[in-house]
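In this chain, numbering begins with 1 at the start of the sequence shown.
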Amino acid sequence: MKDFFRPSFLLKLVLILALISNWVQAGAGRTGAQILNLGGGTRAASLGDAFSAVNGDVTAPLWNPSGLSGITNLQTTLSYKDYSQLFGEASDGLYYAFFAGATHLENIGTVAATLQVQGQGKIAITTNSPEVIREEDLGTNWVMTTSYADQLTDNLAAGISGKVIRQRLAQYGGRAYAVDFGLQYDLQQRLPVPVRLGVAVQNWGTRIKFKDENQSDPLPRALRLGTLVSLLDVKHHRINLVGDLTAAIDKLREDDDEGVEVYLENNPDTTRDQLMSERGVGIHAFEWRHLQKSIGLEYALGKILYLRAGYKKDPGMPIFPELTDYLTYGFGARVYFGQLDFAQVPGGGPNNNRLNVFALRLIFD
């Protein structure tokens, strides 16, 4: 009973209450700070971004901060994406990189820090002729995140992240602040095979303001629901099946009521509820067509080799003609404390090319 009064326990209780209070507020809409949607980590990328129920990984804050609770050592990782693979010379200066580090503190929990950086490339400045006068650097966006996670009980873990987001828009800069909340719950004592459930609310915070409220954008708030099923865990062989459903909850209602009324007047066969359903506003964000669907499978041979494959379908992505355009895959190879991870994912671009992603991870057991 005495543990109930520890400050850390009270903090954990606040996390749970915050999740419960926020989970019903949903919607979809246009947002800023798209760097927050770029994810991170080749392991997650190769699993189709199905990662909210994965535990013990240094990249967990990008998906569900409670996943840090499984870390019992010091971990760091560095990843870099060069978009010249997709756009050639037109992608000069376009990149996405991130660094993450996490460590476990005895009797305190796990703490982590993450830095995401997005290069926006350059734009050619012209006058009334096609002749280029100069090239202007569009600058970089960045996100700094600090996270904390710990076990509430033997089966329940909780985590929280705080973020500072900086975005450039031409000569203007905007800044915003946000928090993430997450929970993971293990069901291994109640089912034939171990199962873990994960839930996270991400990017709950202020709008990004460039000059004033009229020139600001909401953050891409999201609710992630995931599961991990341990299909096999014998000696040196492990197989995990993971899956995620992600809802965009950045829009609670339709802000442009005047525009809605005009649309309904011009389209008398459409009801307001039908229009909100089409736009994914409010509770309609949870309709199947508006959800991002992700599933992945990972095989591990001890702590030496990892083989991964996944499938991801995002409602914001164009409809591709081939099934392979939704597939992701990759591997990880570890030697002592160093691990190299690789993933190949759909990248898009004018030729619908695939994108190769590498990451270096250091794990000090």
Is it possible for you to say whether V229 and V234 belong to one hydrophobic cluster, with membership spreading through side-chain heavy-atom contacts below 4.5 Å?
-> yes

One should read off an interatomic distance between L62 CG and T114 OG1, to the nearest 0.5 angstrom, of 5.5 Å

Flag side-chain contact, heavy atom, 4.5 Å: V111 against T103 = yes

So, does Q167 use its side chain to make a donor-acceptor pair with the main chain of A33 at under 3.5 Å?
-> yes

Classify the angle between the aromatic ring planes of Y80 and Y95 as parallel (below 30°), tilted (30 to 60°) or perpendicular (above 60°).
-> parallel

Taking atom CG of L223 and atom CZ of F181, what is their separation to the nearest 0.5 Å?
-> 13.0 Å

Do L245 and L297 belong to the same hydrophobic cluster, where Ile, Leu, Val, Met, Phe, Trp and Tyr are linked whenever their side-chain heavy atoms lie under 4.5 Å apart, directly or via other members?
-> no

Should T77 and R43 be marked as a side-chain contact (heavy atoms from CB on, under 4.5 Å) after you check the CA-CA gap, both sets of side-chain angles, and the distance that decides it?
-> CA-CA 11 Å; T77 188; R43 184 184 180 193; over 6 Å; no

Is a donor on one side and an acceptor on the other found under 3.5 Å between the side chain of R196 and the backbone of A53?
-> yes

Any chance you could lay out the side-chain contact (heavy atoms from CB on, under 4.5 Å) test for V193 and L231, step after step, and finish with the verdict?
-> CA-CA 7 Å; V193 295; L231 300 178; 5.6 Å; no

Step by step, work out the side-chain contact (heavy atoms from CB on, under 4.5 Å) result for F51 and T59.
-> CA-CA 9 Å; F51 219 67; T59 63; 3.5 Å; yes

With a cut-off of 6.0 Å (strictly less than), are more than 12 heavy atoms of other residues, nucleotides or ligands near CZ of F364?
-> yes

Hey, are D57 and R361 close enough for a salt bridge, meaning a charged N less than 4.0 Å from a carboxylate O?
-> yes

Evaluate the criterion side chain to side chain donor-acceptor pair (under 3.5 Å) for residue pair T246 and D244; output intermediate values, then yes/no.
-> CA-CA 6 Å; T246 305; D244 266 24; 4.8 Å; no

Got a donor-acceptor contact below 3.5 angstrom from the S46 side chain to the A343 backbone?
-> no

Specify whether Y326 and Y311 have parallel, tilted or perpendicular ring planes, treating 30° as the upper limit for parallel and 60° as the lower limit for perpendicular.
-> tilted

Candidate pair R168 and T140, rule side-chain contact (heavy atoms from CB on, under 4.5 Å), full reasoning = CA-CA 7 Å; R168 292 289 302 175; T140 58; 5.7 Å; no

Report the relative orientation of the aromatic rings in F342 and F358; use parallel for angles under 30°, tilted for 30 to 60°, perpendicular for over 60°.
-> tilted

Check whether any side-chain N or O of Q202 sits under 3.5 Å from a backbone N or O of A178 as a donor-acceptor pair, and report yes or no.
-> no

Going from CG on L232 to CG on L241, what distance comes out if it is rounded to the nearest 0.5 angstrom?
-> 12.5 Å

K293 side-chain N/O to W288 backbone N/O, donor-acceptor pair under 3.5 Å | yes

Measure from the side-chain N and O atoms of R354 to the backbone N and O of Q344, and report whether any donor-acceptor pair falls under 3.5 Å.
-> yes

What distance separates L197 CG from Y185 OH, expressed to the nearest 0.5 Å?
-> 9.0 Å

Distance-only, no hydrogens or angles: does the N141 side chain make a donor-acceptor pair with backbone N or O of Q118 under 3.5 Å?
-> no

CG on L183 to CG on N64, rounded to 0.5 Å = 7.5 Å

Has the side chain of Q151 got a donor or acceptor atom that lies under 3.5 Å from a matching backbone atom of G109?
-> no

Heavy atoms, side chains only, cut-off 4.5 Å: are L228 and V54 in contact?
-> yes

Find the distance between OG1 (T153) and CG (D186) and round it off to the nearest 0.5 Å.
-> 9.0 Å

Side chain R166, main chain W142, donor-acceptor under 3.5 Å | no

Less than 4.5 Å apart, any side-chain heavy atom of Q116 and any of L38?
-> no

Take atom CG of N266 as the centre, draw a 6.0 Å sphere, and report whether it contains more than 12 heavy atoms from other residues, nucleotides or ligands.
-> yes

Taking it one step at a time, do S277 and R289 satisfy side chain to side chain donor-acceptor pair (under 3.5 Å)?
-> CA-CA 10 Å; S277 175; R289 59 176 170 165; 2.7 Å; yes

Give a yes or no answer on whether the side chain of K81 reaches the backbone of S79 with a donor-acceptor pair at less than 3.5 Å.
-> no

D150 versus S69: any side-chain heavy-atom pair under 4.5 Å?
-> no

Using the test salt bridge (charged side-chain N to carboxylate O under 4.0 Å, His left out), find all partners of K163 that sit at least two apart in sequence or belong to another chain.
-> D180

Give the C-alpha distance, both sets of side-chain angles, the deciding distance and a yes or no for side chain to side chain donor-acceptor pair (under 3.5 Å) between Y306 and E298.
-> CA-CA 7 Å; Y306 304 86; E298 179 180 57; over 6 Å; no

